[in-house]
2 protein chains.
Amino acid sequence: MNSIQDNKYSQQRQAAIGAAASVFAAKGFHGASTKAIAEKLGIKQGSLYYYFKSKEEALGEVCLFGIQNYVQRMDAIANSSQPFEAKLVAVVTSHLTSYRERNEALKVYNDERLYLPKEKRTKLKELGSGYRQSLERIFEDALAAAILKPSVDCHFAAQAVIGLCNAWGDLIVRDPNIDIYEIIEKCTDLLINGFGYSEHK
Amino acid sequence: MNSIQDNKYSQQRQAAIGAAASVFAAKGFHGASTKAIAEKLGIKQGSLYYYFKSKEEALGEVCLFGIQNYVQRMDAIANSSQPFEAKLVAVVTSHLTSYRERNEALKVYNDERLYLPKEKRTKLKELGSGYRQSLERIFEDALAAAILKPSVDCHFAAQAVIGLCNAWGDLIVRDPNIDIYEIIEKCTDLLINGFGYSEHK
DNA sequence: CCTTTTTTCTATAGATCTATAGAATTCCTA
DNA sequence: TAGGAATTCTATAGATCTATAGAAAAAAGG
């Protein structure tokens, strides 16, 4: 049957995407050779082209894989009915956890996607800005509910959360001993309360 | 005279470093060809080797240039006798301003330094962690002076500041219309006060 | 067990890239 | 303006690297 074969094919293809992610993450898109990717898969260089039309297509697949379920999770959080603080914790948790789970592909998405041709890049960009907009909406709702200071700029806030998470995500990828949950707690505390005493405000 | 010649040479060499920075920033180390760098300088590919022993040496020089005065400024701030908040503002200002001034080289330092051979990489790493430690010390002093919440983790705080600044630095490099001083204000406000109301603490 | 489909391999064309060597040119200075 | 130093050029060796074509091997199915 078709479905079984497709399934098997996509399993192997998924492995190929994983191998590509690993090499792209380590060497960058241009520094990674198709030979190195094939070797990681246990096949010869030329055979890789059974799975990808080009090296560029492989990059596209890796980036897509890297950001996909990360965006899905954000949507789920944004559409849920938790209170603001819980949502914020969930966002940070989801973001950092994504790094640990599929660190390589997400790193590739962040660092190498600009080498994709314009068309694919804009497609991925839509996904990425959907992520940011969902996050922005979480802040807007909290602002409307007077949970945040009226001076908060929601666009800035969303970028700050993403920037903070990406920065820690990078450190998490490099050092597997970092305690994610400690980071999550400290990040959310920073975002809500800052480092200063209340009296100083 | 030697000094005049050296001066002229180093001017030209500085231009070569700038051209390399520009191409490395746009294409990444492996994606940048020596031909492209030479073209940007207005010379032929082979002539570039009058200034650099290898492409790798060029990367090293660019990274060094990118981080150098950025570290010097941090030292000046850390050793000054300003109050904590002023220091924090100065750090964020210095960091973001560095991005705007020598954006390309600093971006290359952040994104491409891992492709340097181990020896040079550790040398640069020392500069980088010197930066982080100075920043950490600023937080430690403020903690000792009870200006910060006792729960603040200074190592985390320093990384958070750097991460936040780098994230915004990236956006600043991409979009020259961003108002840096607005970002500086919002960043420091976030770091000290967070996004939440005081009552919620 | 034979046929068909899927997957991998070998071999290679064609392009590109780094680094070097030695010639040519430009620039300075006495 | 002649001689020496600094800078750039040309040409190329040698090592990649991507992508393709067609043969071979492995797997699936009746």
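Throughout, a chain's letter reflects where its sequence line sits, starting with A, and its residues are numbered from 1. Small disclaimer: the values here were computed from a predicted structure and weren't measured. Side chains included, hydrogens not; waters and symmetry mates left out as well; all remaining heavy atoms used.
The separation between B:Phe29 atom CZ and C:dC17 atom P is 13 Å, rounded to whole Å. A:Leu48 has its CG atom 14 Å from the C1' atom of D:dT20, to the nearest Å. As rounded to whole Å, 9 Å separates atom P of D:dA19 from atom NZ of A:Lys53. Regarding B:Leu41, its CG atom lies at a distance of 13 Å from the P atom of D:dT7, rounded to whole Å. Atom-to-atom, NE2 of B:His30 to P of C:dT18 comes out at 10 Å; the value is rounded to the nearest Å. In this entry the distance linking CD of B:Glu39 with P of C:dC17 reads 10 Å, nearest Å. The interatomic distance linking A:Lys44 (NZ) with C:dT12 (C1') rounds to 16 Å, in whole Å. One interatomic measurement links the two molecules: CG of B:Leu59 to P of C:dA19, which rounds to 12 Å at whole-angstrom precision.
Phosphate proximity of D:dT18 to A:Thr34: present, with a side-chain N or O under 4.0 Å from OP1 or OP2. Dashed line: the shortest gap from a side-chain N or O of A:Ser47 to OP1 or OP2 of C:dC9 is under 4.0 Å. OP1 or OP2 of D:dT8 sits under 4.0 Å from a side-chain N or O of B:Tyr51. The shortest distance between the side-chain N/O atoms of B:Tyr49 and the OP1/OP2 oxygens of C:dT20 is not below 4.0 Å. Taking 4.0 angstrom as the limit, B:Lys55 places a side-chain polar atom (N or O) nearer than this to OP1 or OP2 of C:dT18.
Of the listed nucleotides (D:dT8, C:dC17, C:dT20), D:dT8 has the atom at the smallest distance from the side chain of B:Gln12. Taking only side-chain atoms of A:Ser54, from C-beta outward, the nucleotide of D:dA19, C:dT18, D:dT10 with the closest atom is D:dA19. Closest to the B:Ile43 side chain, of the nucleotides D:dC9, D:dC17, C:dT8, is D:dC9. Closest to the side chain of B:Tyr50, out of D:dT7, C:dT18, C:dC9, is D:dT7.
The pair B:Arg132-B:Glu136 counts as a salt bridge, with a side-chain nitrogen and a carboxylate oxygen less than 4.0 angstrom apart. Salt bridge annotation for A:Glu182-A:Lys186: present, with a cationic side-chain nitrogen under 4.0 angstrom from a carboxylate oxygen.
Contact annotation for B:Ala32: backbone-only contact, meaning every heavy-atom pair under 4.0 Å involves sugar-phosphate atoms and none involves a base.
Side-chain atoms of B:Gln45 come within donor-acceptor range of the base of C:dA19, with a qualifying N/O pair under 3.5 Å.
Within the 4.5 Å cutoff, the side chain of A:Thr34 has heavy atoms near those of the A:Tyr49 side chain. Put simply, the side chain of B:Lys55 reaches to within 4.5 Å of the side chain of B:Phe24, judged on heavy atoms.
Taking the six-membered ring where the residue is Trp, the centroids of B:Phe84 and B:Phe139 are separated by under 6.0 Å.
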